[in-house]
Asker: 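First, the structure itself, so that you have it in front of you.
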Amino acid sequence: MKQYKVYTDVNEFYNDTYDLFMCHEAQNLIPLGNIIIGKKGEDKTGWRDPANWFMASVSDNKEIQLAAIMTPPHNITLYARDNKIVKSDVACLINGLANTPIPGVMARKDMALHFAQAYCSAKNMSHESSMEQRIYELTEVNSEIPLVGIIRLAEEGDMYFLPYWMEAFYSAETYGNTTMNIPQNTENYSNLIAQKKIYVLEEQGKPVSIAGTTREMQNVCGVAYVYTPPYFRKKGYATSCVAQLSRLILDKGFSKCVLYTDLANPTSNSIYQKIGYRQICDSAMLKFINPNA
């Protein structure tokens with residue numbers, strides 16, 4: 001018999017699901033990062049406050065088989081043990097979600113599609129793709145990659161350009177365009193600098209590309225915020241920036257670097273593979289549409 005459990009305590013959810021998510025640490029970079037953030041409780045701004053999260057699990061008579069976490073306004077994220085989709089587990093979760101509205105789902109592609117079809121069928125809704133992603137991991141940087149420029153940590157003096165580049169990165173990631181918006185709030189970018197999360201690639205003392213680190217796991221560290229302004233593209237800067245950052249991460253003792261790519265961008269996917277990144281799986285972000293809304 002299936003057992004459905006909703007959690008209100010992030011520490012309890014962490015204790016119950018951490019080992020499950022760790023079965024595929026690189027694949028589960030986002031949910032693992034979230035429960036670690038929630039457990040630490042050091043930052044409760046925006047979506048980071050566990051009091052607003054939805055956390056649930058579905059178990060058989062032995063152990064948890066399916067875990068779900070949603071950090072509003074973001075989509076619900078799912079992981080099934082050993083990536084095996086069990087229809088009765090998904091049905092149990094959907095039944096438990098009866099009074100919990102969710103905007104969409106993000107998970108390994110096969111799970112995301114199965115859940116979306118079952119959920120939308122039960123709710124008389126439809127779904128559409130927000131983004132098709134691929135998850136890559138790297139254990140060794142290709143030594144034959146030509147490295148141009150020198151990478152360094154971003155500093156406060158970079159705030160004259162960094163917020164604009166970061167806004168352009170988010171615009172491309174979210175909306176698929178290269179519009180460089182005027183930043184309205186730069187506090188988040190100052191915080192990333194203070195946390196030593198952003199790196200700048202310089203060529204002859206001039207900033208030409210950026211990349212950064214995101215969630216740090218037990219063995220894995222995420223790579224994100226990869227952006228090169230249009231004027232500096234096709235010069236090998238992004239490749240060099242990510243390669244140098246990946247090497248720094250491995251030198252710190254992490255066994256793997258992990259990053260997500262948008263499959264609609266073949267250039268970035270090609271770059272990462274040349275550096276030494278290898279595909280783990282495809283991930284899908286699906287948006288739910290309520291015709292009566």
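When a residue number appears, it is its place in the shown sequence, counting from 1.
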Asker: Within the 4.5 Å heavy-atom criterion, are Gln244 and Ser240 side-chain neighbours or not?
Answerer: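 In short, these two side chains touch, coming nearer than 4.5 Å.
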Asker: Assess the side chains of Asn83 and Gln27: does a donor N or O sit below 3.5 Å from an acceptor N or O?
Answerer: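 Indeed, the side chains of Asn83 and Gln27 share at least one donor-acceptor pair under 3.5 Å.
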Asker: Salt bridge between Asp60 and Lys2, side-chain N to carboxylate O under 4.0 Å?
Answerer: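 Salt bridge flag = no for Lys2 with Asp60.
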Asker: What I want to check is whether the side chains of Thr261 and Asn269 have a donor and an acceptor closer together than 3.5 Å.
Answerer: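 Yes, because at least one side-chain N or O of Thr261 sits under 3.5 Å from a partner of the opposite role on Asn269.
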Asker: Show the nearest heavy-atom pair for residues Tyr277 and Cys257, with the distance to one decimal.
Answerer: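 Minimum heavy-atom contact is OH-CB, 3.3 Å.
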Asker: Can a salt bridge be assigned to the pair Glu202 and Arg152 using a cut-off of 4.0 Å between side-chain N and carboxylate O?
Answerer: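 Looking at Glu202 and Arg152, the cut-off is met.
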Asker: Does some side-chain heavy atom of Met159 sit less than 4.5 Å from a side-chain heavy atom of Ser190?
Answerer: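 Contact flag for Ser190/Met159 side chains = yes.
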Asker: By side chain to side chain contact (heavy atoms under 4.5 Å, CB included), which residues pair with Lys109, not counting sequence neighbours?
Answerer: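 Only Leu113, Glu132, Asp282, Ala284 meet the side chain to side chain contact (heavy atoms under 4.5 Å, CB included) criterion with Lys109.
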Asker: Could you check whether the rings of Phe13 and Tyr7 sit parallel, tilted or perpendicular, using 30° and 60° as the cut-offs?
Answerer: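 Ring orientation of Phe13 relative to Tyr7: perpendicular.
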Asker: Take a 6.0 Å sphere around NZ of Lys123 and say whether it holds more than 12 heavy atoms from other residues, nucleotides or ligands.
Answerer: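 For Lys123, atom NZ is crowded (more than 12 foreign heavy atoms under 6.0 Å).
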Asker: Tell me yes or no: between the side chains of Asn34 and Arg48, is some donor less than 3.5 Å from an acceptor?
Answerer: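 Result is no, nothing qualifies.
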Asker: For the ring pair Phe169 and Tyr227, is the centre-to-centre distance below 6.0 Å?
Answerer: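 No - the distance between ring centres of Phe169 and Tyr227 does not fall below the 6.0 Å cut-off.
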Asker: Which heavy-atom pair separates Leu20 from Ile64 by the least distance, and what is that distance?
Answerer: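 Looking at all heavy atoms of both residues, the closest pair is CD2-CG2, 3.6 Å.
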Asker: Verify side chain to side chain donor-acceptor pair (under 3.5 Å) between Tyr18 and Gln218, making sure each step is shown before the conclusion.
Answerer: CA-CA 11 Å; Tyr18 180 81; Gln218 184 173 319; 3.2 Å; yes
Asker: I need the minimum non-hydrogen distance between Tyr225 and Gly212, along with the two atoms involved.
Answerer: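 Between these two residues, the closest heavy atoms are CD1-CA, 3.8 Å.
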Asker: For the CD atom on Glu156, are there more than 12 heavy atoms of other groups (residues, nucleotides or ligands in this structure) within a distance under 6.0 Å?
Answerer: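 Check passes, neighbour count above 12.
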Asker: Going by atom types alone, do Thr239 and Tyr272 pair a side-chain donor with an acceptor below 3.5 Å?
Answerer: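 Their side chains do not contain a donor-acceptor pair, so the 3.5 Å distance test is not met.
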Asker: Using 4.0 Å as the upper bound for N to carboxylate O, is an ion pair formed by Glu63 and Arg81?
Answerer: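 Salt bridge between Arg81 and Glu63, a charged N being under 4.0 Å from a carboxylate O: yes.
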Asker: Verify the neighbour count for atom CD of Glu140: are there more than 12 heavy atoms of other residues, nucleotides or ligands below 6.0 Å?
Answerer: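 No, CD of Glu140 has 12 or fewer neighbouring heavy atoms, counting only those of other groups under 6.0 Å.
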Asker: Heavy atoms only: give me the nearest Val105-Ala112 pair and the separation to one decimal.
Answerer: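 Looks like CG1-O, 3.8 Å.
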Asker: Ile30 and Tyr260: side chain to side chain contact (heavy atoms under 4.5 Å, CB included), yes or no, with the steps?
Answerer: CA-CA 10 Å; Ile30 291 177; Tyr260 284 67; 3.9 Å; yes
Asker: Please name the pair of heavy atoms, one in Met70 and one in Thr100, separated by the smallest distance, quoted to 0.1 Å.
Answerer: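 For Met70 versus Thr100, the nearest heavy atoms are CE-CG2, 4.1 Å.
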Asker: Evaluate the side-chain proximity of Glu137 to Leu259: yes if any heavy-atom separation is below 4.5 Å, no if none is.
Answerer: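 Side-chain contact under 4.5 Å: no.
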Asker: Do the side chains of Glu216 and Phe254 get nearer than 4.5 Å, heavy atoms only?
Answerer: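 With C-beta onward as the side chain, the pair touches.
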Asker: Contact between Val148 and Tyr237 at the side-chain level, heavy atoms closer than 4.5 Å - yes or no?
Answerer: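 Yes, at least one pair of side-chain atoms sits under 4.5 Å.
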Asker: Hey, does Thr17 have a side-chain heavy atom less than 4.5 Å from the side chain of Tyr79?
Answerer: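 Heavy-atom side-chain distance check fails, nothing below 4.5 Å.
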Asker: So for atom CD, which belongs to Glu128, do other residues, nucleotides or ligands contribute more than 12 heavy atoms lying within a distance under 6.0 Å?
Answerer: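 Yes.
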Asker: Under a 4.0 Å threshold between the charged nitrogen and the carboxylate oxygen, would Glu12 count as salt-bridged to Lys5?
Answerer: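 Salt bridge flag = yes for Glu12 with Lys5.
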Asker: Where is the tightest heavy-atom contact between Leu286 and Ala116, given as atom of each residue plus distance?
Answerer: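 Heavy atoms of Leu286 and Ala116 come nearest at CD1-CB, 3.6 Å.
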Asker: Quick check: are there more than 12 heavy atoms from other residues, nucleotides or ligands sitting under 6.0 Å from CD1 of Ile150?
Answerer: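 Atom CD1 in Ile150 is not crowded, with 12 or fewer foreign heavy atoms closer than 6.0 Å.
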Asker: Going by an N to O cut-off under 4.0 Å, is there a salt bridge joining Arg134 and Asp262?
Answerer: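 No salt bridge links Arg134 with Asp262.
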Asker: Per the ring pair (Phe, Tyr, Trp, His ring centres under 6.0 Å) rule, what does the pair list look like for residues 122-149, sequence neighbours excluded?
Answerer: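 Found none.
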Asker: So do the side chains of Ile76 and Leu97 get within less than 4.5 Å of each other, counting heavy atoms only?
Answerer: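 Yes, at least one pair of side-chain atoms sits under 4.5 Å.
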